[in-house]
Amino acid sequence: MKHEILKISQITDKQSVIYIIGDDKIPEQLKLGKAEKEFAKKQLKAKEEFVFINSYNKCIYLVRLKDGKDHYQIREELRKYAYNLRKLIKENNHSELVITSSGAYKGAIEDFAEGLILSFYSFEKYKTEPDKNGTNNYPSKLLLKGDISDSDINWLINVTDAVYFTRDLINEPVNHLNATGLANEIKKIGDSAGFKVEVLTKGKIEALKMGGLLAVNKGSVDPPVFCILDWHPDNCLNKSPFVLVGKGIVYDTGGLNIKTGDFMTGMKGDMAGAAIITGVLHIAAKSGIPLHIIGLVPSTDNRPGGNAYTQGDIITMYNKMSVEVGNTDAEGRLILADAISYASKYTPELIIDIATLTGSAANTFGNQAIAMMTNADRKYISLLEESGRDVYERLAELPLWEEYGELLTSDVADIKNIGGRVAGAIIAGKFLEKFAGFPLVHLDIAGTEMLRKDDFYRLKNGPGSGLRMLSAFLRKVAADKTILK
Ligand code: BES
Ligand code: ZN
Ligand code: ZN
């Protein structure tokens, strides 16, 4: 566990406190000197985002909720305030810090704490000296005072821990984390959280004839892996599991259709989908979500090499369909397709894949939304969208109309792995849909997952987008008595 987060029932005189307040009133419990009170009143009147009072032996931070927005946006503003305050909080070097609220909505304390913890993430492992500007040395114990249940605290701990290790995995470069390395990490996480992990190595993948994964792997000097993560609690409410599939390309050079210019930057993060579903399984197991959930991770790097697959190759996929390779850089859909058809053996309730799949999704929505394409029951879609708003990892839907599928026509094989110049994200979705024997939700996180500058508490690089949304979704499914028949 990275963070110490505890619930308290009493605030002492010496403890520094963050007060989240819902209006311009100074909380009664807060004892301030006369001058301090005047100052706070003036600042609040001036609509300052926060008021900082540096008393003799403690600090007080007043954080005022935003008015006049939708509830989910007010929640997000609060997480962003936490990011904005992170430097000041760090400068004050508190050995412990209380977060409490007065006149705020239920859950405000957890939202602020979440924003704060996620803002303090940094990847400093390979620095020989600690980074002066880094924040990984966040010193404080967080003490939460308010109407918070133990299970809410646990959820907060599990979610923030999962985001941290997910970001760590994404940030590891391929020279330190190849496909086998990723499998080992997933195994470790499974052992500590309490879900099962089976790792299929190259021989088994060959025996299963996963032609997509094997084709992408041909240019690599490292073998591929296929990981099966399984959280199957005794008290699970569903007979048919939810299957999550994560793209595990540990590095995407594009292969022989090599990425030019700046396009290779960040491609160590092309396994974000894999890291994210590992995070989701961790949260499910640690929080005891009563659902049977399976994770599938096909993994390899994509590089040119002596025997690399080429444009024009015709490959036979796990489900026996033939695919003409129109572009070796459209590798994600090939490895995902094998995993999605493999999912059929579980007769899943729902398949959800998550992948940094297309530049087109990033061009369409920028970093504001995860592109969703689906043929699943709308009851699940509504719940996914609601979860996306709750944690502010919003989903925006693109259609999977039949006509788009026609663009995948090949002269020589059943289909091709690329369409034309248009509708790139949708065409990738159509490609995957052809391999899904069960309802599919396809999530393209290319836009939200490779950030070049800080997006508040999401920070830059790979924030792990979709992790909090998917965990919230599964938690809701388990809590909703009507959704599973
Ligand atoms: N991993 C990339 C997609 C990507 C691009 C993710 C930018 C994040 C940021 C994917 O494998 C890819 O290369 N897609 C190609 C597909 C094309 C060749 C049909 C793309 O989007 O350009
Ligand atoms: Zn690619
Ligand atoms: Zn890729």
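As the structure lists them, so they are numbered: ligands from 1, and atoms in each ligand from 1.
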Met264: heavy atom below 4.0 Å from ligand 1, yes or no? no

If only side-chain N and O atoms count, and only distance matters, is there a donor-acceptor pair under 3.5 Å linking Glu172 with Tyr126? yes

Tyr105 and His71 aromatic centres sub-6.0 Å: yes

Provide the number and element of each atom of ligand 1 under 4.0 Å from a heavy atom of Lys247. 1 (N), 10 (C), 11 (O)

Give a yes or no on whether the ring-centroid distance for Phe456 and Tyr83 is below 6.0 angstrom. yes

Mind checking whether Gly359 has an N or O less than 3.5 Å away from an N or O of ligand 1? yes

Nearest neighbour in protein (non-hydrogen) for atom 12 (C) of ligand 1: Asp329 O, 3.2 Å

With a cut-off of 4.0 Å, which atoms of ligand 1 are near a heavy atom of Lys259? 2 (C), 12 (C), 13 (O)

In the protein, which heavy atom is nearest to atom 14 (N) of ligand 1, and how far is it? Leu357 O, 3.4 Å

Short check: any N/O/S atom of Asp270 below 2.8 Å from the Zn ion (ligand 2)? no

Does any non-hydrogen side-chain atom of Met450 lie less than 4.5 Å from one of Asp270? yes

Please list the nearest protein heavy atom to atom 16 (C) of ligand 1 with its residue and the distance rounded to 0.1 Å. Arg333 NH2, 3.7 Å

Classify the contact between Arg421 and ligand 1 as side chain, backbone, both or neither, using a heavy-atom distance cut-off of under 4.0 Å. neither

Are Tyr346 and His292 close enough that their ring centres sit under 6.0 Å apart? no

Ile418 neighbourhood, listing ligand 1 atoms whose heavy-atom distance to it stays under 4.0 Å: 19 (C)

Examine the proximity of ligand 1 to Glu449 and report which part, side chain or backbone, both or neither, has a heavy atom under 4.0 Å away. neither

Is the shortest N/O to N/O distance between Glu331 and ligand 1 below 3.5 Å? yes

Rounded to 10°, how big is the angle at the Zn ion (ligand 3) from Asp252 OD2 to Glu331 OE2? 90°

